[in-house]
S.K.: 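Before anything else, here's the structure in question.
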Amino acid sequence: MMKAERVAVDIPVYDLSLIRDLWEGRVKKHRQRQKKEEERISKSALARVDQQWQYRIACRKLKSTEVTALHTYLERSTLQELHTHTSDSDTESNKLIFELNGQKWMKLPEDLQFMTFLREWHIHGTRIPEIPFYIEAFVELRVLDVPKNGLSKLPVEIGKLVNLRELNVNYNKLLSIPAELGECVNLERLEMTANTHLAELPFELSNLKKLQHLDLAENKFPSIPICVLRMESLKCLDISNNTLKDLPEDIDRLEALEMLFLHRNAVRYVPMSTNNLLHLKMLVISADQLYSLPSHLVDNPKIKLIRLYDNPVKAEDEEEMNMDAEAQDTHEKEFMKTYIESLQDRDTQPSYTTKVSLSCLL
């Protein structure tokens, strides 16, 4: 009987810590590759195309009436949407617009947060109390038009809208303006008419160096805010119907100013520094309490000077006396627009006809 020989077998022994380090290294490299790929996709046009298709899928879940109410359709064909290289003219002519109107709306559609490719928001006369924080993702937004919604504040995230050109928050209930709005450095038009208790602006708005049109009418500003005097590109300033009594001596810092609306204030004195406003074409001011006016503004044929008298007269009809403030302001603006257009028609006539002094009861 033969004995089986014992065979020695070498069993390899591994250090588990080395194996763990090896796999952790591989996982780390894999995650780095994934992150780079995600960054590449986010920077490419594919992300925007995917957002557009996600929106189309979301629309399938809505009723036809809801989709119509959103009114956010691409004005291009499918082939043009998928075309990743469009000229500037095509992009400008095919804006992506969101519209919402009416008191029945008390909140924004949930799917709106995914439509970050939009270029314009137009939300009028709703009962939506605030602009959502997710607006910071709408970096392509050019126009934010949200009047008559009863907004009590603007989100600080609005400062992320670096491409914003126009902001309209007329006839809301804003008590203050966030300093972050000064980060919207490409803003060209800002309207804040009739927010009633708005009385100051943050100094950070002085960063709006491209702003050309500023409307602060029908608020509680006791003077022209300091930040406004730093807006070097400002051409039109409407600060009518506030509580101004005097103008700042350094108003000539607004070198580009062409139109200044000061009516329905108690301005008593216009500083001589207004002579340095070389581009000024029109000044509208209430003359009830005005006792000092530089002769340059009166004698210069290139400046249309309009002096208004705001003392109310007795109205026979009580309904007229209780005219809604908003309707009255609309009436006045229409009157001013018509009158300004009539003055512009006279530009071709002799220079002495362009100097205007108007007394009007509003």
S.K.: Is there side-chain contact between I226 and L201, with at least one heavy-atom pair below 4.5 Å?
M.R.: no
S.K.: Can you tell if the side chain of L214 reaches within under 4.5 Å of the side chain of M231, non-hydrogen atoms only?
M.R.: yes
S.K.: Could you grab the distance from atom OG of S286 to atom CD1 of I306, nearest 0.5 Å is fine?
M.R.: 11.5 Å
S.K.: Give the other cluster members for Y291, using side-chain heavy-atom distances under 4.5 Å between Ile, Leu, Val, Met, Phe, Trp and Tyr residues; answer none if it is isolated.
M.R.: Y269
S.K.: R165: what forms a side chain to side chain contact (heavy atoms under 4.5 Å, CB included) with it, not counting sequence neighbours?
M.R.: R142, N163, N186, E188
S.K.: Quick one, L262 with V284, criterion side chain to side chain contact (heavy atoms under 4.5 Å, CB included). Give me CA distance, side-chain angles, the key distance, then yes/no.
M.R.: CA-CA 6 Å; L262 298 170; V284 183; over 6 Å; no
S.K.: Once you round to the nearest 0.5 Å, how far does CZ of F98 lie from CE of M115?
M.R.: 7.0 Å
S.K.: What pair of heavy atoms forms the shortest contact from K209 to S233, and how long is it?
M.R.: O-OG, 2.6 Å
S.K.: Does the side chain of D145 pick up a donor-acceptor pair with the side chain of H124 at under 3.5 Å?
M.R.: yes
S.K.: What heavy-atom pair brings P155 and P178 nearest, and what distance separates the two atoms?
M.R.: O-CG, 4.1 Å
S.K.: Would the distance check show the side chain of D238 and the main-chain N or O of S240 forming a donor-acceptor pair, the cut-off being under 3.5 Å?
M.R.: yes
S.K.: Looking at every non-hydrogen atom in both residues, tell me the closest pair between L208 and L187 and how far apart they are.
M.R.: CD1-CD2, 4.2 Å
S.K.: List the residues meeting side chain to side chain contact (heavy atoms under 4.5 Å, CB included) with E258, not counting sequence neighbours, and say none if there are none.
M.R.: K235, H279, K281
S.K.: Heavy atoms, side chains only, cut-off 4.5 Å: are R119 and I97 in contact?
M.R.: no
S.K.: Walk me through whether I239 and I224 qualify under side chain to side chain contact (heavy atoms under 4.5 Å, CB included).
M.R.: CA-CA 8 Å; I239 194 168; I224 296 179; 4.1 Å; yes
S.K.: Does D250 use its side chain to pair, donor to acceptor, with the backbone of L229 at less than 3.5 Å?
M.R.: no
S.K.: Is the side chain of N195 donor-acceptor paired with the backbone N or O of V169 at a distance under 3.5 Å, no angle test?
M.R.: yes
S.K.: Side chains of residues 129-139: which donor-acceptor partners sit under 3.5 Å, not counting sequence neighbours?
M.R.:
none

S.K.: Can you confirm whether Q113 is buried at CD, in the sense that more than 12 heavy atoms of other residues, nucleotides or ligands lie under 6.0 Å from that atom?
M.R.: yes
S.K.: Check the pair N168 / V143 against side chain to side chain contact (heavy atoms under 4.5 Å, CB included), numbers first and verdict last.
M.R.: CA-CA 8 Å; N168 181 344; V143 176; over 6 Å; no
S.K.: For N207 and G182, which heavy atoms make the closest approach, and how far apart are they?
M.R.: CB-O, 3.4 Å
S.K.: Do the side chains of W121 and L141 get nearer than 4.5 Å, heavy atoms only?
M.R.: yes
S.K.: Taking the side chain as everything from C-beta on, heavy atoms only, tell me whether I303 gets closer than 4.5 Å to V298.
M.R.: no
S.K.: With sequence neighbours left out, what residues match P202 under side chain to side chain contact (heavy atoms under 4.5 Å, CB included)?
M.R.: I177, A179, E204, L205
S.K.: Determine whether T274 and L280 satisfy the following criterion, side chain to side chain contact (heavy atoms under 4.5 Å, CB included), listing intermediate values before the conclusion.
M.R.: CA-CA 9 Å; T274 54; L280 188 64; 5.6 Å; no
S.K.: Hey, does the side chain of N149 reach the backbone of L151 with a donor-acceptor pair shorter than 3.5 angstrom?
M.R.: no
S.K.: Atom CD in E166, atom CD in E120: separation rounded to 0.5 Å?
M.R.: 7.5 Å
S.K.: Side chain of D252, backbone of N276: donor and acceptor closer than 3.5 Å?
M.R.: no
S.K.: Could you pull out all residues at least two apart from N275 that satisfy side chain to side chain contact (heavy atoms under 4.5 Å, CB included)?
M.R.: M272, P294, H296
S.K.: Taking the side chain as everything from C-beta on, heavy atoms only, tell me whether V162 gets closer than 4.5 Å to C184.
M.R.: no
S.K.: Which atom pair, heavy atoms only, marks the closest approach of F221 to A199?
M.R.: CD2-O, 3.3 Å
S.K.: In Å, rounded to the nearest 0.5 Å, how long is the span from CG of L254 to SG of C236?
M.R.: 11.5 Å
S.K.: Look up atom CG in L112 and atom CG in L100, then write down how far apart they are to the nearest 0.5 Å.
M.R.: 8.5 Å
S.K.: Report yes if the side chains of D215 and L190 come closer than 4.5 Å at any heavy-atom pair, otherwise no.
M.R.: no
S.K.: Any salt bridge between R189 and E191, counting N to O under 4.0 Å?
M.R.: yes
S.K.: Could you tell me the separation between the CG atom of D288 and the NE2 atom of H263, rounded to the nearest 0.5 Å?
M.R.: 12.5 Å
S.K.: So, for T193 and E218, which heavy atoms are closest and what is the spacing to 0.1 Å?
M.R.: CG2-OE2, 3.9 Å
S.K.: Is a donor on one side and an acceptor on the other found under 3.5 Å between the side chain of N219 and the backbone of E200?
M.R.: no
S.K.: Taking the side chain as every heavy atom from C-beta outward, state whether L181 and L167 have any atom pair closer than 4.5 Å.
M.R.: yes
S.K.: Near Q103 CD, under 6.0 Å, is it more than 12 heavy atoms from other residues, nucleotides or ligands?
M.R.: yes
